[in-house]
Amino acid sequence: MSDQRPIPLIQKLMAAFALLVLIAGCTTAPPETVLAVPAAPQKYAAIVVDARTGKQLFEVNSSAQRYPASLTKMMTLYLLFEALESGRLAKETQIPVSDNAARQPPTKLRFRRGETIDVDSAIRAIVVKSANDVAVAVGEYLGGSEEQFAAMMTSKAHQLGMSSTVFRNASGLPDGGQVTTARDMAVLGMALRNRFPQHFHYFSESDFMFRGRLVRGHNDMLGRVRGVDGIKTGYIRASGFNIVTSYSADGRQLIVVVMGADSARQRNDHVEALIQRSLSPTVADAKTRLMFVQQ
């Protein structure tokens with residue numbers, strides 16, 4: 001004979017209510033997403049900013065000092081655009097390439113002594129090819145010397161609110177004293193778009209013709225994600241693979257900065273994931289757990 005007794009109705013109702021509360025608590029808790037990070041923690045830095053409102057949508061290590069690599073050339077171009085706007089030079093102006101500029105390591109257009117490049121081609125060479133020889137030639141032309149130009153770059157950076165940035169050269173080639181942050185690079189990306197909308201189209205170009213040959217770029221984010229319209233990639237061994245990416249589509253504008261990736265492909269995958277995350281209200285509000293490459 002069983003000694004189990006029937007459960008009173010009130011106890012059944014209380015148990016059911018407790019279960020409903022538990023389920024409700026589970027469904028209202030923010031979901032957790034896992035974001036793969038293609039970089040070591042000591043090199044990685046990232047930020048996503050709504051370029052219309054300035055609201056920060058995502059950040060990790062965005063105020064930590066990093067090496068900018070060729071993201072440096074964004075400031076070289078900012079000062080070149082300023083010179084265009086002031087009338088100091090025109091797009092047809094010929095910029096001489098000094099021996100010092102010609103000696104810069106690749107990537108470059110490989111100029112010889114006494115050659116010049118017009119400003120329009122110089123902009124394309126810096127944006128598309130990330131040409132170090134051209135960046136140095138521009139710096140020497142505008143600053144009198146690359147050292148003086150670097151001081152101009154740093155001064156302009158601080159005027160724009162890039163308080164953690166110091167420039168030592170016009171190209172981004174290795175220099176232990178040349179540092180920035182992901183946040184500062186986002187500020188520069190937004191400043192380029194807002195201050196020079198008439199020149200921003202250069203950053204969406206993936207190739208250009210120079211002296212009868214096609215010069216191809218290596219910003220593979222262009223054409224990969226609808227809405228991506230620039231800006232600049234960069235790499236030196238000390239920095240890893242960096243990028244500042246501008247997105248503009250369907251009424252949304254984003255600036256995405258990723259620094260320190262282990263490869264260009266992984267960096268680009270990560271940028272795409274951050275764009276998708278930022279455009280999705282559900283995912284954007286979710287708690288994010290980072291999965292670094294060493295984990």
Side-chain angles (χ1 to χ4, degrees), residues 45 47 49 51 62-63 65-86 88-89 95 101 104 107-108 119 122-203 205 217 219 230-236 238-239 242-246 255-259:
I47 191 169
V49 179
S62 64
S63 296
Q65 282 196 336
R66 298 289 185 262
Y67 297 115
S70 282
L71 301 187
T72 297
K73 295 183 176 81
M74 292 165 58
M75 182 57 81
T76 301
L77 289 164
Y78 190 100
L79 293 180
L80 183 54
F81 292 156
E82 274 197 338
L84 275 173
E85 291 304 295
S86 69
R88 179 179 175 186
L89 45 74
I95 296 177
Q104 299 301 308
T107 59
K108 59 183 184 176
V119 168
I123 295 170
R124 298 176 197 277
I126 294 172
V127 170
V128 176
K129 185 66 174 176
S130 200
N132 294 321
D133 49 359
V134 178
V136 172
V138 167
E140 291 175 338
Y141 187 82
L142 293 179
S145 71
E146 188 177 10
E147 182 179 3
Q148 290 176 320
F149 184 69
M152 293 166 55
M153 295 168 71
T154 301
S155 176
K156 180 59 63 175
H158 294 171
Q159 288 177 29
L160 294 175
M162 301 166 61
S163 58
S164 300
T165 296
V166 176
F167 292 113
R168 298 298 190 198
N169 59 52
S171 64
L173 286 168
D175 186 309
Q178 183 151 272
V179 293
T180 190
T181 66
R183 187 181 304 279
D184 280 2
M185 286 293 107
V187 169
L188 181 54
M190 288 189 289
L192 281 163
R193 173 182 281 283
N194 296 334
R195 175 71 174 80
F196 305 109
Q198 70 276 32
H199 300 312
F200 199 77
H201 66 89
Y202 283 110
F203 293 106
E205 297 184 9
N219 186 353
I231 300 179
K232 189 76 188 70
T233 63
Y235 170 80
I236 58 174
S239 72
N242 299 341
I243 194 169
V244 177
T245 294
S246 169
I255 294 292
V256 182
V257 181
V258 171
M259 308 183 79

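The analysis underlying the following values was restricted to heavy atoms, covering all of them including side chains, and did not include hydrogens, waters or symmetry mates. For the single chain, residues carry numbers from 1 onward in sequence order.
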Q) What pair of heavy atoms forms the shortest contact from Ser164 to Thr181, and how long is it? A) CB-CG2, 3.6 Å

Q) Considering all heavy atoms of both residues, which atom of Ile236 and which atom of Ala69 are nearest to each other, and what is their separation? A) N-CB, 3.8 Å

**Q.** Partner set under side-chain hydrogen bond (donor to acceptor under 3.5 Å, both in side chains) for Thr72, not counting sequence neighbours
**A.** Gln178

(Q) Just so I know, are the side chains of Phe203 and Leu192 near enough to count as touching, which here means a heavy-atom distance under 4.5 Å? (A) yes

Q | Residues which pass side chain to side chain contact (heavy atoms under 4.5 Å, CB included) with Met152, listed by chain and number, not counting sequence neighbours | A | Leu79, Phe149

**Q.** Contact check, side chains of Leu160 and Met75, non-hydrogen atoms, under 4.5 Å
**A.** yes

**Q.** Sequence-distant partners of Tyr141, ring-ring contact (aromatic ring centres under 6.0 Å, His included), two or more places apart
**A.** none

Q. Going by the ring-ring contact (aromatic ring centres under 6.0 Å, His included) test, which pairs reach into residues 151-197, not counting sequence neighbours?
A. Tyr78-Phe196, Phe81-Phe196

Q.
Suppose the criterion is salt bridge (charged side-chain N to carboxylate O under 4.0 Å, His left out): which pairs have a residue in residues 146-155, not counting sequence neighbours?
A. none

Q: State, to 0.1 Å, how close His201 and Gln198 come at their nearest heavy-atom pair, and which atoms those are.
A: CD2-O, 3.3 Å

Q: Apply the test side chain to side chain contact (heavy atoms under 4.5 Å, CB included) to residues Met185 and Met162: give CA-CA distance (whole Å), side-chain angles for both, the deciding distance (0.1 Å), then the verdict.
A: CA-CA 8 Å; Met185 286 293 107; Met162 301 166 61; 3.7 Å; yes

Q: Looking only at non-hydrogen atoms, find the nearest pair between Ala83 and Leu142 and report the distance.
A: CB-CD2, 3.9 Å

Q) Tell me the salt bridge (charged side-chain N to carboxylate O under 4.0 Å, His left out) pairs involving residues 122-138, sequence neighbours left out? A) Asp120-Arg124, Arg124-Glu205

Q. Any side-chain heavy atom of Leu84 within less than 4.5 Å of one from Leu89?
A. yes

Q: Go through the structure and list residues passing side chain to side chain contact (heavy atoms under 4.5 Å, CB included) with Ala151, not counting sequence neighbours.
A: none

Q) Who are the side-chain hydrogen bond (donor to acceptor under 3.5 Å, both in side chains) partners of Thr165, not counting sequence neighbours? A) Thr180, Asp184

**Q.** Close side-chain approach of Tyr235 to Asn242, heavy-atom, < 4.5 Å
**A.** no

Q: Using side chain to side chain contact (heavy atoms under 4.5 Å, CB included) as the criterion, list what pairs up with Ser62, not counting sequence neighbours.
A: Ile47, Glu59, Ala182, Arg183

Q | Closest approach of Ser171 to Ala135 (non-hydrogen atoms, all atoms of both residues) | A | CA-CB, 4.1 Å

(Q) I need the full list of salt bridge (charged side-chain N to carboxylate O under 4.0 Å, His left out) pairs touching residues 154-172, with sequence neighbours left out, sorted by first then second residue. (A) Glu82-Lys156

Q: Applying side-chain hydrogen bond (donor to acceptor under 3.5 Å, both in side chains), name anything that partners Ser130, two or more places apart in sequence or on another chain.
A: Ser70, Lys73, Lys232

(Q) Once rounded to the nearest 0.5 Å, what's the spacing between atom CG of Leu71 and atom CD1 of Ile243? (A) 8.5 Å

Q | Rounded distance [0.5 Å steps], OG1 in Thr76 versus CD1 in Ile123 | A | 12.0 Å

Q. Leu173 and Asn169: which non-hydrogen atoms are nearest, and at how many Å?
A. O-ND2, 3.1 Å

Q: Can you run down the salt bridge (charged side-chain N to carboxylate O under 4.0 Å, His left out) pairs that involve residues 187-201, sequence neighbours left out, and say none if there aren't any?
A: Arg193-Asp229

Q. About how many Å separate CD1 of Ile231 and OG1 of Thr245, when rounded to the nearest 0.5 Å?
A. 8.0 Å

